[in-house]
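These notes concern the structure reproduced below.
One-based numbering, in listed order, for ligands and for the atoms of each. Keep in mind that this is a model prediction, so the values were computed, not measured.
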Amino acid sequence: MLNIKSRPRRLRKNSSVRDLVAQTELRASQLVLPLFLKEGKGVIESIKTLPGISRFSIDTALSQIEKSMELGIISFALFPAIENSKKTPSAEEAFNSSGLNQRGIIAIKKAFPEVVLFTDVALDPYNSDGHDGLVQSGEILNDESVEILKKMALAQAEAGTDFVACSDMMDGRIGAIRQSLDAKGFQKTGILSYSAKYASNFYGPFRDALSSAPKMGDKKTYQMDYRNRKEALRELRLDLSEGADIVMVKPALSYLDIISDFKRHSSVPVAAYNVSGEYAMVKLAAEKNLLNEDAAIAEILTSILRAGADLIFTYHGMRAAEIIKEKGRLC
Ligand code: PBG
């Protein structure tokens, strides 16, 4: 026999002991479910690259929200699929008070006032160039884009969103949006900042869902370079000093180190976005029986939480909440 005092396996000997000392457990209320909106009535349109996820018209989105709430999900992130004919170089539809997104917010908050809504602030679904900011001679303009983003955030605040979710990565936008919201009396509207949003290869299916892929070039002059870690802390400090209420790391799985850094360096809640490409990989592997889908979802979401996330945006939300409801726990 080995003469060793410490045998960590004593704490793993059976499931009761493992449960006793388990350090991480996900609640359904920590999940944020992304919802893709589309014009029309009675629409539930599946998205080829996101198996199991659909675009909803506002009426069917309300039923989806009701179903999710029965499973304990209370937070939703809206992403409107804008008709091509409404996309323009200066993205005016983004701040149309009767545009799809704003009508969606109004209808959802009216039907379910207790729901927490996150609405995206970035121009890509509205911009005929498919970029998060305005494009001029191939360049993504910063300060001019922020002026439009301010209008967009105001339109969403007026419609009654809980948090504007700034995913655009323009410099200075958090402070500018906070000021303009406050100047119009929207002190209670929160800001979630996608503080460390990386130029990632894992956004493909999302861009497909919204037909929002950039028409030219890539997003590397505004989204972060995945070789960089310290730079995320710089973005974090700026956003905190400019008034962000929640800070986000995106994507999640290749960026657990960044989530951990955010947890350590901020006292506001940290969100993580388990993005479309990360979701699609699991769905496709499960379809081919390469892994057990439920077990993979549990491991993925738990590891994002363990790294330091307080809330998780994920397309696995419904299934995860179902498991929690059925078993009383995710793992
Ligand atoms: C757009 C936006 C993107 C996502 C959320 N907001 C795509 C992008 O930046 O190109 C991606 C979400 C996902 O892949 O699930 N500002």
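- Exactly one residue among N127, L134, D129, L123 makes a side-chain contact (heavy atoms from CB on, under 4.5 Å) with S90. That residue is L134.
- Pocket lining of ligand 1, defined as residues with a non-hydrogen atom under 4.0 Å away: D120, A122, D124, D132, S167, K197, F202, Y203, F206, R207, K219, Q223, K250, Y273, V275, S276, Y315.
- Side chain of R55 to main chain of A209: a donor-acceptor pair is present (N/O by atom type, distance under 3.5 Å, no hydrogens or angles).
- Electrostatic pairing of E25 and R329 does not count as a salt bridge here, judged by no charged N lying under 4.0 Å from a carboxylate O.
- Between H131 and Y222, the ring planes lie perpendicular to each other; the angle is over 60°, past the 30° to 60° tilted range.
- For F206, the ring-ring contact (aromatic ring centres under 6.0 Å, His included) partners two or more places apart in sequence, or in a different chain, are F36, F79.
- In plain terms, the two heavy atoms of V164 and A153 that are nearest each other are CG1-O, 3.8 Å.
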